[in-house]
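Remarks on the structure that follows.
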Number of protein chains: 2
Amino acid sequence: MKYIDKLRNSGLRPTKQRLQICEVLFNTEKTFHFTINELEQKIKNKIDNKISLATVYNTVHAFEKKGYLKQIPINSNQTYFDTNVTDHHHFYDLKDQKLIDLENSDVGPINIKKKINGKRIKSVEVLVKLED
Amino acid sequence: MKYIDKLRNSGLRPTKQRLQICEVLFNTEKTFHFTINELEQKIKNKIDNKISLATVYNTVHAFEKKGYLKQIPINSNQTYFDTNVTDHHHFYDLKDQKLIDLENSDVGPINIKKKINGKRIKSVEVLVKLED
DNA sequence: CACTTATTTAGAACCATTATAAACTAGAAG
DNA sequence: CTTCTAGTTTATAATGGTTCTAAATAAGTG
């Protein structure tokens, strides 16, 4: 199975639940954004057995820690995740509350001139808010 | 009083509570970032009477709507606000969980090349995550 | 002063997320 | 295959930031 090695290689046991969540998250043409609630719905629609909400949270956090998912920095009552873990940015449509991908090439190079002593830049994320 | 007109001009009644919160938020040398909890503490330290937590929430939201405060898009269990409402960006120190201002000149121009039909860009915010 | 509308307030309600602790399972070793 | 151990799943409770509610209070207007 294609996700067993992926999980093993990162020190996560390939359990039935994790493999099923992998199918939902990564076995798709396009990457996508989701909240935990939305993911739970997708899982329900795709599989027969039930996966506990706690497991969904655990798994998403484990995957995020391993770099298979990214949290999207946005103020919302729910946390948004992204299956696109490449460097890229987002539009946020304030009216429709929808996220839209912005490729790096859509934004151009960002040059952070300020340095903080003893700290390295881990990521640079741009959020472009849209209104009508 | 210097904040009475500010409030009246934006259609907010200059109540005792709002004026006191104005003192804490705006009567400072430097702008700053805060959570509601941190603001509540600051208020307690600065004034004699008590301001209800609900009023702090109400006031912060009212001020944000009027453009006197900005929400900082960051994933945290608490919402961060900024008394600096000029266009600027942030470092976020993941270890210390601290926000640091990044002036526009520290980042350089950001040119969003992609357009979304019928939508205007309201703001462009950069979050630079820092690690050790 | 009288009246209307906005604001404040304490407390309850809400709800996403995290903690708990018991049951279960994967992988390893014998 | 069996046993053992650490990792994982699970239902449920707990947590905690934020919002709601409805009654009391205060501001502005005539």
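Since the structure is predicted, the reported quantities are computational estimates derived from the model, not experimental observations. Residue numbers begin at 1 in each chain, while the letters A, B, ... track the order of the sequences.
Ion pairing between B:Asp93 and A:Lys119 holds under the 4.0 Å rule for side-chain N and carboxylate O.
Here B:Thr35 lies out of heavy-atom contact (under 4.0 Å) with every strand. Across all strands shown, B:Thr55 has heavy atoms under 4.0 Å from base atoms, whether or not it also approaches the sugar-phosphate.
Straight-line distance from the CZ atom of A:Phe34 to the P atom of C:dA16: 16 Å, rounded to whole Å. A:Asp5 has its CG atom 16 Å from the P atom of C:dA26, to the nearest Å. Counting to the nearest Å, the C1' atom of C:dT7 and the CZ atom of B:Arg8 are 15 Å from each other. Atom CD in B:Glu40 sits about 11 Å away from atom C1' in D:dG17, given to the nearest Å. Put simply, CG on A:Leu19 is 12 Å from P on D:dT8, counting in whole angstrom units. The nearest whole Å value for the distance from the CD1 atom in A:Ile21 to the P atom in D:dT8 is 13 Å. If you measure from atom CD of B:Gln17 to atom C1' of D:dA27, you get 12 Å, rounded to the nearest angstrom. Between the CG atom of B:Asn77 and the P atom of C:dC15 there is a distance of 19 Å, rounded to whole Å.
Checking D:dT9, C:dT17, D:dG17 against every side-chain atom of A:Thr15, the shortest atom distance belongs to D:dT9. You'll find that the side chain of A:Thr79 is closest to C:dT17, out of C:dG11, C:dT17, C:dA19. Taking every side-chain heavy atom of B:Leu53 into account, D:dT18 is the closest of C:dT8, D:dT18, C:dT7.
Closest non-hydrogen pair, A:Arg18 versus A:Arg13, comes out as NH1-O, 3.0 Å. Nearest heavy-atom pair across A:Asp101 and B:Lys114 is O-NZ, 3.0 Å.
Contact check, B:Tyr57 against D:dT18: a side-chain N or O comes under 4.0 Å of OP1 or OP2. Residue A:Lys50 places at least one side-chain N or O closer than 4.0 Å to OP1 or OP2 of D:dA11. Phosphate proximity of C:dT17 to A:His61: absent, as no side-chain N or O sits under 4.0 Å from OP1 or OP2. For the OP1/OP2 pair of C:dA6 and a distance below 4.0 Å, the side-chain nitrogens and oxygens of B:Arg18 include no atom meeting the criterion.
In the model, B:Asn84 has no side-chain atom that pairs as donor or acceptor with a side-chain atom of B:His33 under 3.5 Å.
Toward the 5′ end of DNA chain D lies the nearest nucleotide of B:Tyr80, the other residue of the pair B:Tyr80 and B:Lys16 mapping further downstream. Each of A:Gly11 and B:Gln78 was matched to the nucleotide of DNA chain D holding its nearest heavy atom; the match closer to the 5' end belongs to A:Gly11.
Cluster annotation: A:Leu94 is not connected to A:Phe91 through the hydrophobic network of ILVMFWY side chains, with a link wherever side-chain heavy atoms come within less than 4.5 Å.
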